[in-house]
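Owing to the predicted nature of the structure, the values given are computational and were not obtained by experimental measurement.
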Amino acid sequence: MPLLRLLPRTLVDSTFLRVYVLLALALALALGLSLSAISLVDKVRREQYHERLAEVPMTLFAQRLVAIPEARRADWLASRGERLAVDLTLHEIRDYPMGYFGRLRLSEGHTLVGRNLDGNWELHRRLPGEDWLLRAELGDVSETQLRELVRVSGEWLQTLSPSARQRWLERLSNPAVPLALGDGPPGETSGTASGSDVVSRSHPAEGALSLYWPFSHGLVSGAAPEAEWMTVGPLRPYRPPVPVMSLVVVMVFGILSVVVYLIVRGVEARMTRLEQAATRIAGGRLDTRVKVQSGDFLGRLGMAFNGMAAQVQSLLRAQQDMTRAVSHELRTPVARIRFAVQMVEDMTDDPAVRHQLRGVDGDIAELDALIDEILTYARLDTNATNGGGLETESVEGRVLSERVIASVSDLHGHLDIVLVTGPEVEFTAEPRYLQRALQNLVTNACRHAVSRVRVSVEGEPGLVRFDVEDDGPGVPERARHEIFKPFARLDDSRDRRSGGYGLGLSIVHRVMVWHGGSVMVDTSPALGGARFTLLLPRRDTAPVREA
């Protein structure tokens with residue numbers, strides 16, 4: 001992989017270190033993204049909070065300046081700046097140094113807030129309908145400045161009619177600086193309410209401050225002036241938006257979980273390929289190999305796996321070659337012995353000798369049949385080991401079964417061998433080896449049956465089923481997995497006295513594995529003996545060459 005070439009050799013050779021480093025990098029990336037996102041969100045919200053705080057006084061000052069002739073504006077700004085301890089100045093917008101986005105926001109009626117090189121706050125607001133820019137510079141805001149700011153604002157609002165005053169308060173109010181009209185301040189306030197003094201109230205639990213200023217409505221029935229109070233606040237300090245930051249953290253760690261999944265998924269995919277290869281080899285496909293893409297632990301494991309598979313395949317091939325060679329070589333001496341026995345039989349008329357010779361001839365026939373079984377099994381095993389293909393063609397299940405029954409009926413005339421009636425079942429398979437497998441099962445059933453053998457063929461969704469049943473002693477449950485091994489024999493009801501070499505069922509199993517099917521044995525519900533079942537995958541397409 002090209003990415004692996006960019007990594008240090010230590011990481012390339014160690015899967016654990018590479019995964020560990022990638023996870024650590026993903027965690028560091030998630031942490032960096034979290035901090036950056038939180039910092040960005042906090043900065044935006046903090047700037048928004050400061051702009052809302054500055055919106056009220058800068059809007060009021062801008063409105064006052066619009067109503068004042070230009071010749072008197074400098075004096076008015078100087079007097080108000082002296083009262084508030086704020087440097088207030090006017091500048092022409094076209095000559096003021098400011099970026100494009102700052103000018104755009106000013107034109108949209110926003111108040112800009114920032115800090116200069118001296119660390120002081122700078123507030124900017126454009127006068128409505130004019131090309132003048134109001135600038136205010138101040139240090140950190142004190143409670144005295146807040147009181148004076150409320151007093152200056154109240155003095156201007158008092159000059160308005162009650163309805164206009166209410167509209168301006170609603171217009172200026174925002175979440176950072178709530179403005180409202182009320183009957184008076186609650187208890188626990190500081191300051192006096194005489195004249196135009198501002199009354200304040202602190203909220204220690206929230207770290208907030210509320211300010212109150214009275215609007216006088218004149219005399220009522222000769223009594224003292226009735227006052228309507230302007231409430232400013234509570235003014236709360238800025239607090240980070242915890243829900244928003246929590247959402248950011250959740251989103252970032254969601255991204256982290258996806259990254260970690262992709263990292264682990266890559267390792268899991270490579271392990272899955274090893275598992276699949278091991279499963280194919282366990283199923284007899286010894287030509288299976290694992291694709292090795294790197295030199296790390298999993299890569300070395302894949303190379304060791306391929307070496308093991310090649311060694312096992314080589315050993316099995318050598319064993320099969322030896323078995324096949326020995327079986328072929330045995331045919332020559334067996335033929336010589338048979339020829340010699342026939343010559344001796346022709347040279348003597350002694351009944352006892354002829355009886356012994358017939359026994360020897362039977363043993364020779366059994367030995368010849370055994371050699372044929374060994375060669376058949378070796379041929380099937382060789383094809384599976386070397387990944388040989390399977391030539392398939394269309395097969396009619398009932399015709400195949402009738403052909404098998406006809407071939408064994410003459411040898412077992414005392415048995416009732418029947419094919420259960422049913423519809424024809426057509427499928428694709430290798431007909432020669434499939435007939436050999438079915439014939440081995442029918443022959444095995446005839447060898448152990450008492451009087452009846454029954455064969456049935458059924459087509460089921462996705463598969464074809466052959467059942468061969470007999471009324472013999474059956475197969476013990478503990479031995480049902482062992483009888484399909486080469487040269488396996490039962491020691492009780494179906495023992496060696498019934499004949500056979502222990503290879504017939506092994507050949508059946510190998511043929512079914514080669515076809516991608518299976519063979520199993522249980523108890524026949526109809527006859528009470530053994531029931532052997534062949535299951536073949538059913539392919540309704542045209543014959544193909546299967547690997």
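Met520 is linked by a side-chain contact (heavy atoms from CB on, under 4.5 Å) to Thr533, Leu535, counting only residues two or more places apart in sequence or in another chain. By the salt bridge (charged side-chain N to carboxylate O under 4.0 Å, His left out) test, Arg289 pairs with no residue at all, sequence neighbours left out. Judged as a side-chain contact (heavy atoms from CB on, under 4.5 Å), and not counting sequence neighbours, the contacts of Asp118 are Asn116, Asn120. The side-chain contact (heavy atoms from CB on, under 4.5 Å) check on Arg115 picks up Trp121, Asp140, with sequence neighbours excluded. Partners of Ser210 according to the side chain to side chain donor-acceptor pair (under 3.5 Å) rule, which considers only residues two or more places apart in sequence or in another chain, are His203. Every residue two or more places apart in sequence or in another chain that forms a side-chain contact (heavy atoms from CB on, under 4.5 Å) with Ser161 is listed here: Ser163, Ala164. In this structure Arg72 satisfies the salt bridge (charged side-chain N to carboxylate O under 4.0 Å, His left out) test with no other residue, sequence neighbours excluded. For Glu92, the salt bridge (charged side-chain N to carboxylate O under 4.0 Å, His left out) criterion is met by Arg94, not counting sequence neighbours.
Open room surrounds NE2 on His509; 12 or fewer heavy atoms of other groups in view lie less than 6.0 Å from it.
Contact of the Leu172 side chain with the Leu60 side chain is registered, since non-hydrogen atoms from C-beta on lie closer than 4.5 Å. Looking only at side-chain heavy atoms (C-beta outward), Val425 and Arg538 come within less than 4.5 Å of each other. Annotation: side chain of Leu127 is in contact with side chain of Leu134 (closest heavy-atom distance under 4.5 Å). Contact of the Arg105 side chain with the Leu112 side chain is registered, since non-hydrogen atoms from C-beta on lie closer than 4.5 Å. With contacts defined as side-chain heavy-atom distances shorter than 4.5 Å, the pair Asn174/Val56 qualifies. Within the 4.5 Å cutoff, no side-chain heavy atoms of Leu179 are placed close to those of Thr231.
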Side chain to side chain contact (heavy atoms under 4.5 Å, CB included) between Ile68 and Val66, intermediate numbers included = CA-CA 6 Å; Ile68 299 175; Val66 169; over 6 Å; no
message = I'd like to know whether Arg465 forms a side chain to side chain contact (heavy atoms under 4.5 Å, CB included) with Leu536, so could you lay out the CA-CA distance, the side-chain angles of the two residues, the decisive distance to 0.1 Å, and finally the verdict.
response = CA-CA 7 Å; Arg465 176 179 180 135; Leu536 283 167; over 6 Å; no
task = Could you give me the CA-CA distance, side-chain angles and deciding distance for Phe427 and Leu463, then say whether side chain to side chain contact (heavy atoms under 4.5 Å, CB included) is met?
result = CA-CA 9 Å; Phe427 56 95; Leu463 58 87; over 6 Å; no
ask   = Under the side chain to side chain contact (heavy atoms under 4.5 Å, CB included) criterion, do Leu138 and Asp87 qualify, and how do the steps go?
value = CA-CA 6 Å; Leu138 68 156; Asp87 182 17; over 6 Å; no
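In plain terms, the two heavy atoms of Pro178 and Ser173 that are nearest each other are CA-OG, 3.6 Å. Scanning both residues, Val395 and Ala429, for their nearest heavy atoms gives CG2-O, 3.9 Å. Between Leu88 and Ala136, the shortest heavy-atom contact is CD2-CB, 3.5 Å. Residues Glu51 and Val113 approach most closely at CA-CG2, 3.8 Å, considering heavy atoms. Closest of all the heavy-atom pairs between Val290 and Ala277 is CG2-CB, 3.5 Å.
Sequence neighbours left out, not one pair with a member in residues 61-71 passes side chain to side chain donor-acceptor pair (under 3.5 Å). Residue pairs satisfying the ring pair (Phe, Tyr, Trp, His ring centres under 6.0 Å) criterion with at least one member in residues 147-183, sequence neighbours excluded, are listed as follows: Trp156-Trp168. Applying the salt bridge (charged side-chain N to carboxylate O under 4.0 Å, His left out) test to pairs two or more places apart or on separate chains, those with a residue in residues 119-134 are Glu55-Arg125, Arg73-Glu130, Glu122-Arg135, Arg126-Asp131.
Separating the CG atom in Leu104 from the CG atom in Leu106 is a distance of 9.0 Å, to the nearest 0.5 Å. Rounding to the nearest 0.5 Å gives a distance of 8.5 Å between OG1 of Thr89 and CD of Glu137. Rounding to the nearest 0.5 Å places CG of Leu211 at 6.0 Å from CG of Leu146. Here Arg52 contributes atom CZ and Glu47 contributes atom CD; the two are 13.0 Å apart, rounded to the nearest 0.5 Å. Note: Leu274 CG to Asn306 CG = 8.5 Å, rounded to the nearest 0.5 Å. Considering CZ of Phe61 and CG of Leu123, their distance stands at 9.5 Å, rounded to 0.5 Å.
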Report all side-chain donor-acceptor pairs from residues 76-83 shorter than 3.5 Å, counting only partners two or more places apart or in another chain.
residue: Ser79; atom: OG; partner: Asp75; partner atom: O; Å: 3.4
residue: Ser79; atom: OG; partner: Trp76; partner atom: O; Å: 2.9
residue: Arg83; atom: NE; partner: Glu148; partner atom: OE2; Å: 2.7
residue: Arg83; atom: NH1; partner: Glu155; partner atom: OE1; Å: 3.4
residue: Arg83; atom: NH2; partner: Glu148; partner atom: OE2; Å: 2.5

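Under the 3.5 Å distance criterion, with hydrogens and angles disregarded, a donor-acceptor pair is assigned to the side chains of Tyr96 and His124. For the residue pair Ser394 and Glu426, a side-chain donor N or O sits within less than 3.5 Å of a side-chain acceptor on the partner.
Between Glu170 and Arg165, none of the side-chain N atoms (NZ, or NE/NH1/NH2) sits under 4.0 Å from a carboxylate O, so this pair counts as no salt bridge.
For Arg103 (side chain) and Met98 (main-chain N/O), a donor-acceptor pair under 3.5 Å exists by modelled atom type. The main-chain N or O of Val511 is found under 3.5 Å from a side-chain atom of His515 such that the two form a donor-acceptor pair.
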